[in-house]
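Start at 1 and go down the list; that is how both ligands and their atoms are numbered. Below, each value reflects all heavy atoms present in this structure, side chains not excepted, and no hydrogens, waters or symmetry copies. Positions are given from 1, in the same order as the sequence printed here.
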Amino acid sequence: MCGIVGVSGIEHAAELVSLGLYALQHRGQEAAGICAIEAGRARVHKAAGLVAEGFDNAVLRDLPGSTALGHVRYSTAGGLGLENAQPIVVRYHQGDLAVVHNGNITNGMTLREELVAEGALFQSTTDTEVLVHLIARSREPTPEAQLRDALSRLQGAFSVLVTIGSVLYAARDPWGFRPLVLGRRAGGHIIASETCALDLLDAEYVRDIEPGEVLRIEGGRVTRLQDLEPAPRIAPCIFELIYFARPDSKLWGISVDRARRALGRQLAREQPAEGDCVFSVPDSSNSAALGYSEESGIPLELGLIRNHYVGRTFIHPTQVGRDFKVRIKYNPVREVIEGKRVVVVDDSLVRGTTSRGLVSLIRDAGAREVHFRVASPPVRSPCYYGIDMPTREELIGARLSVEAIRDSLGVDSLGYLSLEGMHAAMRSVAESPVSFCDACFSAEYPAPLVDLERGYAVGARC
Ligand code: SF4
């Protein structure tokens with residue numbers, strides 16, 4: 001999973017992009033990159049780690065221009081090195097070309113094999129570089145047509161920003177898996193993965209980029225190019241609303257906070273519990289726990305405190321470190337928990353290892369009973385569209401029954417939200433009906449899994 005921001009028609013565009021990336025930092029902490037364009041010339045800077053670590057004033061001063069795009073990177077299939085950080089910037093026959101991408105191209109390895117056979121030289125192992133080669137090798141006459149030609153060969157999930165010369169392009173795959181929004185500020189335009197980036201930049205939200213839409217943005221003008229071929233259905237990722245996006249964002253016309261509260265309320269109806277207090281596994285479950293508390297009437301407490309200074313990727317080489325993995329991130333509030341029957345609300349259960357550690361911490365803090373409630377159905381299938389998830393063998397919901405999971409977590413009761421309940425909750429807060437992708441729960445994959453079917457180890461995600 002990654003976050004992307006583009007700015008067109010506003011001076012010091014790189015600075016705005018860096019600020020936008022701060023708002024999207026939850027979408028990726030492994031690397032950040034910004035490319036700025038001045039008089040058609042692209043300059044790029046990439047750095048490992050957080051935006052704040054890699055982009056000080058001196059770096060931003062060296063990125064002049066009124067067009068820029070940037071990226072924060074989450075996952076690393078394809079390797080941890082900076083060669084896989086974005087933007088990818090090349091010089092081709094139409095000028096400087098830069099690309100940032102959020103999603104996972106499900107025929108990326110197949111296309112790569114074809115391109116390598118034709119003589120293409122790849123510098124990274126990301127699926128995104130395939131798009132660069134397809135644009136450069138297209139036989140279409142104009143940059144617009146080359147871009148569209150290249151995009152039309154991709155399958156799977158791609159929200160992309162591209163600059164060719166000083167022109168910014170934005171596109172979303174025809175299924176619309178990943179979010180992408182258009183905003184306006186000071187006569188120019190901003191495109192971002194989530195609306196929280198527009199808020200930070202004090203930009204006005206204009207609209208979502210539609211599935212299959214390709215926009216050309218230059219000099220304060222937005223032009224809609226010919227759409228990509230429509231998919232059999234649109235399929236925005238429901239997991240963005242459950243877990244990944246920020247609760248202050250609005251995705252596909254749905255407030256993330258409202259969606260999570262609705263999930264929590266539905267969960268309370270489907271999976272009631274006898275408890276003295278309810279609390280969340282912070283932060284992504286806060287809104288769901290609030291909804292559970294509202295519906296059940298059980299008081300909401302802050303039973304777990306999260307340390308915000310630990311990255312998502314904390315890995316310790318020794319067993320001692322692994323034992324501390326949960327403790328370094330969460331600490332229970334003994335005064336809230338001791339002697340109580342507690343209801344713990346989590347947004348999802350993927351491997352179950354963190355939850356097992358948490359339950360043990362909660363028991364050590366003196367809980368009389370622990371009732372675990374999950375505001376989504378069991379995750380039974382991996383995601384191939386850009387959310388970083390383990391293999392099927394590592395998914396606890398694919399391996400064990402609910403009763404066996406309850407036993408493995410060591411809780412007094414365990415309750416998941418149903419698939420129907422999840423969709424009902426989303427319908428209750430959507431402005432208009434949305435046909436979501438729910439493949440990690442239902443195993444019904446909306447877009448073809450070309451590489452997987454051809455036996456490639458599918459992993460490159462962003
Ligand atoms: Fe989202 Fe799950 Fe679909 Fe992946 S499989 S796009 S995580 S809903």
Side-chain angles (χ1 to χ4, degrees), residues 1-4 26-28 74-75 77 101-108 127 154-160 172-180 193-194 208-209 211-212 231-246 249 251-252 254 256 259-260 262-263 284-285 288 312 346-351 374-398 416-427 430 433-453 458-462:
M1 181 54 64
C2 298
I4 58 177
H26 61 291
R27 299 182 72 88
Y74 183 85
S75 186
H101 166 219
N102 173 208
N104 187 44
I105 298 166
T106 54
N107 62 339
D127 53 349
L154 306 182
Q155 301 273 5
F158 54 91
S159 281
V160 294
R172 244 177 111 204
D173 66 73
W175 293 269
F177 283 106
R178 301 281 148 236
L180 197 63
S193 294
E194 292 184 36
D208 284 21
I209 313 295
R233 73 168 178 99
I234 69 154
C237 168
I238 204 163
F239 212 73
E240 291 263 1
L241 288 165
I242 293 167
Y243 165 73
F244 213 81
R246 257 173 56 162
S249 283
L251 265 58
W252 312 303
I254 300 173
V256 177
R260 290 181 189 166
L263 291 168
S284 50
S285 312
R312 286 194 196 224
D346 206 347
D347 53 81
S348 54
L349 212 48
V350 179
R351 282 191 179 84
V374 187
S376 58
V379 176
R380 294 205 165 101
S381 307
C383 176
Y384 301 108
Y385 305 128
I387 295 264
D388 189 28
M389 271 190 203
T391 60
R392 192 182 306 272
E393 294 67 42
E394 294 170 286
L395 294 170
I396 194 167
Y416 282 96
L417 185 62
S418 67
L419 194 65
E420 304 70 38
M422 175 178 75
H423 286 293
M426 292 303 177
R427 275 197 302 278
V434 182
S435 69
F436 288 105
C437 173
D438 61 11
C440 46
F441 307 112
S442 67
E444 288 174 19
Y445 292 95
L449 303 175
V450 181
D451 290 344
L452 190 76
E453 280 156 17
V458 180
R461 305 176 180 99
C462 192

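- In this structure, the side chains of Asp173 and Leu154 stay at 4.5 Å or more apart for every pair of heavy atoms.
- Within the protein, the N, O or S atoms sitting under 2.8 Å from atom 1 (Fe) of ligand 1 are Cys237 SG.
- A distance-only check finds no donor-acceptor pair linking the side chain of Ser284 to the backbone of Tyr243 [under 3.5 Å].
- The proximity of Arg178 to ligand 1, defined as any non-hydrogen pair under 4.0 Å, is limited to the side chain.
- Residues passing the ring-ring contact (aromatic ring centres under 6.0 Å, His included) test with Tyr445 are Tyr384, sequence neighbours excluded.
- Taking the six-membered ring for Trp, Phe441 and Tyr416 have ring centres at least 6.0 Å apart.
- Side-chain atoms of Arg260 come within 3.5 Å of backbone atoms of Ile242 as a donor-acceptor pair (strictly under, hydrogens ignored).
- Annotation: side chain of Phe239 is not in contact with side chain of Phe436 (no heavy-atom distance under 4.5 Å).
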